[in-house]
Amino acid sequence: MAMILGIIAISCYGQKADLEIFESLVENDNYLEAIEKSKSIETSELDSTDLANYFYLLSKAYRSNNDQSSEMFYLMKSRDVYKNLQIPDSLDQVNFSIISVLINNSDSLDEISLYVKEYLEEAEKNQDHKKLGKIYHRLGIELNADYPFESLKYFRKALAEIQQTDEEFIEGRIYQGLGATFAKDTIMKLDSALVMIDKAMKIYKKQDEKSFQALLFINRGVIFTKKGDYQKALEAFHSADTSKLDKFKRLVKPYIYGHRGNMFKAKGDYKSALEEYEKKQIFMDSLHLEDQKRAIKDIETKYKTAEKELENQKLVSEVKIKNYSLVSAGILLVLLLVTGVLLYTFITKKRKIAEQEKAIQVQKMQTMLREQELHEIDVMLESQEKERQRIANDLHDNLGSLLSALKLNFNTLGKREIHDENSRRLFEKTEELINETYVQVRNISHLKNLGVVGKEGLLTAVKKMAEKMSVINELQFNVIPFGLSNRLESNLEITLFRMIQELCSNIIKHSGANEVNIYLTQHDTHQLNVIIEDNGKGFDPKVMNKENSGIGLKNIEKKVEQLGGTFTIDSSENKGTTIIIDIPL
């Protein structure tokens, strides 16, 4: 009996060891060896957790071997086991992979609806913002190639969910996905793409994710190539090439050389483009020779070790003799270097102090001019707001009252008998004109005072404005809020509303658009994001609004800067216009 138990124990230990070797082969990208090793593992001797993990790892091996039918087979087996074990995180991981396979092999999204629906229902039931953010982010990535506009929607949903968690790294990945999607040839909102890439870069630097920073440098290089700014593109690709790659080296290096080749090709430098393409091919070929080179290096090391040991023993005695003379020369050299460094530091410090004093004076002057300019804008905005209120009150109280009295008196005259048919028609026509004038005066007074002040707040005011400005079958304004559940400071709400009103008025006057989306997103209590998109004819952002009416784009930009925020315009011919305003709260 003891012998039987011993044999079983040895067998279980052997299976465990084989499973660990198999897992190591998969994690180190040795997929062909991993598939071969899997044949020696007896699945009937594995417990349920190890069995589910084994099926999942084997699916990864087949995925890398471009055998997606086998990948799907083992993913489904892994899913069944994890479902019985009720391990949600592992089940989510498997479901992600299943959704990815289905998207890559289907022309319709209907086939993945079962898995997405099952996942979303569970996450929404538990109000799990992290899981919702992850699945929306995953769908955004998978739809990016063929459905870029759908991809944008999912990335925005992911951002709204993940910003309610502390998953800052995933937030950076979402910004990176948004940036890559904005840069797609079918969208080409390149300035918006750069804004999103910069947001992701801040997060990756904070998280010290150097490999992901390298990926962002590639994104920047592609964007600048499309903008025709080849110098900045070259600098970005160089930064990616010289980054410390803890991950993705096999993926990133060929991408760098390939994209850099595309840049030189677009520039017309075909010789440099060919050199980059050759570098890419050499790197790809070297990947297949890595294992062979590693084996040869190991053999060389074994045979040379003994010889090096003998040489080292001989060198030790010679080094001791030389060290005495080198130490003396080294001490003298160090003294000279220290003296030189101290002298250089003293001179440099004096020069820097003089430069800093000069820079401080220039900065003071610039600050003074800037404060004066911003004060003038504040005074202008305040006077405009007072004038709007005065006009609205005058229209409502004075002209409105006069029109009401006129209407009453005119109706009294109408009660008298009028025998002449022409007089009757003239009376009715005049009554119609009075009614129409009264309605228009009332509408103007309401439109000029849309409830920003009082109890309604920014969101209600913007929705009312959108409803007023929308014209059926001609122009539709859509207001899409995220997280804007609390009121803001009163003056800030008024300022933001007037900015949005001015921008929407400009769209009506100049864009020729038939649809406008206004996104109002409050990120926790720290930041407010306003995005106004239209599908109009676009314009050149370098030519800012020079009209005297309204507060103007230039003044809006300066006011946003005064509030500590950023103002970005992304527009090009026939591509519509996107305006992004970020305000810290």
Worksheet item: Do Asn30 side-chain atoms and Glu33 backbone N/O form a donor-acceptor pair below 3.5 Å?
Response: no
Worksheet item: Of Ile531, Thr566, Asp570, which meets side chain to side chain contact (heavy atoms under 4.5 Å, CB included) against Ile580?
Response: Ile531
Discussion item. Quick check on Glu573: does its CD atom have over 12 non-hydrogen neighbours (other residues, nucleotides or ligands) under 6.0 Å away?
Written reply: no
Worksheet item: Are any of the side-chain nitrogens in Lys279 or Glu276 under 4.0 Å away from the carboxylate oxygens of its partner?
Response: yes
Worksheet item: Crowded around Lys280 NZ? As in, over 12 foreign heavy atoms under 6.0 Å?
Response: no
Worksheet item: How would you list, by chain and number, every residue that makes a side chain to side chain contact (heavy atoms under 4.5 Å, CB included) with Ile347, sequence neighbours excluded?
Response: Leu343, Arg351
Worksheet, complete the sentence: salt bridge (Lys or Arg N to Asp or Glu O under 4.0 Å) filter on Lys77, not counting sequence neighbours, yields none
Item to complete: Using ring pair (Phe, Tyr, Trp, His ring centres under 6.0 Å) as the criterion, point out the one residue from Tyr204, Tyr175, Phe217 that pairs with Phe212.
Response: Tyr204
Discussion item. Are more than 12 heavy atoms, taken from residues, nucleotides or ligands other than Lys199, located less than 6.0 Å from that residue's NZ atom?
Written reply: yes
Discussion item. Checking Ile353 now: which residues fulfil side chain to side chain contact (heavy atoms under 4.5 Å, CB included) with it, not counting sequence neighbours?
Written reply: Lys349, Glu357
Worksheet item: Counting heavy atoms not belonging to Lys226, are there more than 12 under 6.0 Å from its NZ?
Response: yes
Worksheet entry | Side-chain donor/acceptor of Glu71 to backbone N/O of Tyr62, under 3.5 Å | no
Item to complete: Return the set of residues passing side chain to side chain donor-acceptor pair (under 3.5 Å) with Glu275 (not counting sequence neighbours), or none when no residue passes.
Response: none
Worksheet item: For residues Gln562 and Lys559, is any side-chain donor paired with an opposing acceptor at under 3.5 Å?
Response: yes
Discussion item. Can you tell me how the ring of His137 sits relative to the ring of Phe155, calling it parallel under 30°, perpendicular over 60° and tilted otherwise?
Written reply: tilted
Practice prompt. Could you tell me whether the side chain of Ser151 and the main chain of Tyr147 form a donor-acceptor pair under 3.5 Å?
Written response: no
Worksheet item: Within the side chain of Gln164, is there an N or O that forms a donor-acceptor pair under 3.5 Å with the backbone of Ala160?
Response: yes
Worksheet item: Does Ser24 use its side chain to pair, donor to acceptor, with the backbone of Glu20 at less than 3.5 Å?
Response: no
Worksheet item: Are Gln231 and Glu235 linked by a side-chain donor-acceptor pair shorter than 3.5 Å?
Response: yes
Worksheet item: Under 3.5 Å, is there a donor-acceptor pair between the Tyr277 and Asn262 side chains?
Response: yes
Discussion item. As a quick check of understanding, evaluate salt bridge (Lys or Arg N to Asp or Glu O under 4.0 Å) for Arg156 and Glu533, giving each step before the final call.
Written reply: CA-CA 14 Å; Arg156 283 174 175 151; Glu533 295 179 336; 2.7 Å; yes
Worksheet item: Considering residues at least two apart in sequence or located in another chain, which fulfil the side chain to side chain contact (heavy atoms under 4.5 Å, CB included) criterion with Asn219?
Response: Gln176, Ala180, Ile197, Leu216
Worksheet item: Is a side-chain N or O of Ser571 found less than 3.5 angstrom from the main chain of Pro541, in a donor-acceptor match?
Response: no
Practice prompt. Measure from the side-chain N and O atoms of Ser38 to the backbone N and O of Ile35, and report whether any donor-acceptor pair falls under 3.5 Å.
Written response: yes
Worksheet entry | Residues which pass side chain to side chain contact (heavy atoms under 4.5 Å, CB included) with Lys227, listed by chain and number, not counting sequence neighbours | Leu190, Asp191, Leu194, Ile223, Phe224
Response to the item:
dist Lys267:NZ -> Leu234:CG (nearest 0.5 Å) comes out at 7.0 Å
Practice prompt. Evaluate the salt bridge (Lys or Arg N to Asp or Glu O under 4.0 Å) criterion for residues Glu561 and Lys558: first the C-alpha distance (whole Å), next the side-chain angles of each, then the deciding distance (0.1 Å), finally the verdict.
Written response: CA-CA 5 Å; Glu561 289 177 0; Lys558 291 176 182 177; over 6 Å; no
